[in-house]
Colleague: 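The structure is given below, and queries will be raised subsequently.
Every number for a ligand or one of its atoms is a count from 1 in the order of the listing. For the numbers below, each heavy atom of this structure counts, side chains included, while hydrogens, waters and symmetry mates do not. Because the structure is predicted, anything quoted here is derived from the model rather than measured.
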Amino acid sequence: MMQAVETTAVAGGRLTIDLAAIRANYRQLETQVAPARVGAVVKANAYGLGAVEVASTLAAAGCRDFFVALLQEALALKPNLPTDAALHVLNGVAPGDEGLCARHGIQPVLNSLGQALRWRDAARAQGRPLSAAIQIDSGMSRFGLSPEEVDALAGEPGFRAEVDVRLIMTHLACAETPAAAVNRGQLDRFTALAARFGPGPERSIANSAGSFLATEFHGTLVRSGLALFGAEPAPGALGLLRPVVGLEARVNQVRTVEAGAGVGYGLTYVTMGRTRLATLAVGYADGWPRRLGGRASAWFGDTRLPIVGRVSMDSMMVDVTQLAPDALAEGDYVELIGPNADLDAVALAADTIPYEILTGLGARLARRYVDAAPADGDLLS
Ligand SMILES: *Cc1c(COP(=O)(O)O)cnc(C)c1O
């Protein structure tokens, strides 16, 4: 059964988000890391795909651990989660935000001694213990307590009575490079420092890529974003995951030009012969990278339609000469991300990573959610 919800009637581009594929990827990751659990990272509006829709889908599939980057994201998401779900703020809690965070039952990731002590003070002020996660910097120099801060906090009398430390985490700098020796070094440093808080709290080390490292890296909870959304988190992992995102652009108009015609800003492309061009209603303001001009293609069925000239803010031109003259009409859609152009290939062509492509996809794209339940016999094995 197919359910489709149109969020905008006539947008320049439409993004299709396959919720069933997100669910299948979640199951795949569960299998990958069992007995560890899979937490969902839905920061930055679930990488642009819609935090509420994605988190609701995963909650219905049994996920009970969610991570966002900022308190503002947590406040927006919290009412949409089951009451027994944990919602963590990766960037921690800023001075003055503790009360707000506590009142909404949101768990900060305490990243410094100062944050940890302010969270304890908030617990005192509320007259009840508050739960939290603690992050240890095991070598990335981004977030988390230093070894000295871990010492200080572990020796802080009464801290554990007022702060219920549910989870101790760290983050790997090179998880997508399984051969990198620094991964093991980070794991060893983390394991030694985390032991200072006793065996009670859960352990979390891996993001999506880390979920494809050895079992020791899985802890009790992995934190996955990218793999849920169908991009390749680590070499060789892609075959296991289902693509989630499709992007199509609407055809604004089609024209035929003679040989020698300049195309787009700067006339950087000049036609070699008589050429049919389609102007698509997606541009860099929609998050389609400007540098893909001359470096990527749209697709109509199996036909490749090279992007010619520069990508503009709201449009770009593709060469459609290969198509039958009446194949494409105004209002038709062509594929930008889909079966012929996967997200990873688009990111590679743009000299970036799929994270940046996804999170850059613009607000004016229509977002359409499909949830195609697998038919009998069509279940992922
Ligand atoms: C964003 C983030 C993740 C998720 O990373 P993916 O590679 O998308 O799985 C996990 N942990 C932390 C701390 C993050 O910031």
Colleague: Is the shortest side-chain heavy-atom distance between R189 and I136 below 4.5 Å?
Modeller: no
Colleague: I want to check something: taking the side chain as every heavy atom from C-beta on, are F159 and L153 in contact at a cut-off of under 4.5 Å?
Modeller: yes
Colleague: Return the orientation label for the H88 and F67 ring planes: parallel under 30°, perpendicular over 60°, tilted otherwise.
Modeller: parallel
Colleague: For the residue pair C101 and P108, what are the closest heavy atoms and their distance?
Modeller: SG-CD, 4.0 Å
Colleague: If the cut-off is 4.0 Å to any non-hydrogen atom of L226, which atoms of ligand 1 fall inside it?
Modeller: 6 (P), 8 (O), 9 (O)
Colleague: Considering distance alone, does some N or O of G225 sit under 3.5 Å from an N or O of ligand 1?
Modeller: yes
Colleague: Which of the listed options, R142, Q135, K43, holds the heavy atom that is closest to atom 3 (C) of ligand 1?
Modeller: K43
Colleague: Is it the case that ligand 1 has an N or O less than 3.5 angstrom from some N or O of V41?
Modeller: no
Colleague: Could you tell me whether the side chain of M316 reaches within less than 4.5 Å of the side chain of Y284, counting heavy atoms only?
Modeller: no
Colleague: Closest non-hydrogen protein atom to atom 11 (N) of ligand 1, residue and atom name please, with distance?
Modeller: R223 NE, 2.9 Å
Colleague: With the side chain counted from C-beta on, respond yes when V334 and V318 share a heavy-atom pair under 4.5 Å apart, and no when they do not.
Modeller: no
Colleague: As an exercise, identify every atom of ligand 1 less than 4.0 angstrom from a heavy atom of Y355.
Modeller: 6 (P), 7 (O), 8 (O)
Colleague: Among all protein heavy atoms in this structure, tell me which lies nearest to atom 9 (O) of ligand 1, with the distance rounded to 0.1 Å.
Modeller: S208 OG, 2.5 Å
Colleague: Can you list every pair that meets salt bridge (Lys or Arg N to Asp or Glu O under 4.0 Å) and has a residue in residues 129-143, with sequence neighbours left out?
Modeller: none
Colleague: Run the contact test for S224 against ligand 1 with a 4.0 Å cut-off on heavy atoms, strictly below, and give the result.
Modeller: yes
Colleague: List ligand 1 atoms under 4.0 Å from H171, heavy atoms only on the residue side.
Modeller: 10 (C), 11 (N), 12 (C), 13 (C), 14 (C)
Colleague: Which atoms from ligand 1 have a heavy atom of Y47 less than 4.0 Å away?
Modeller: 1 (C), 4 (C), 5 (O), 6 (P), 8 (O)
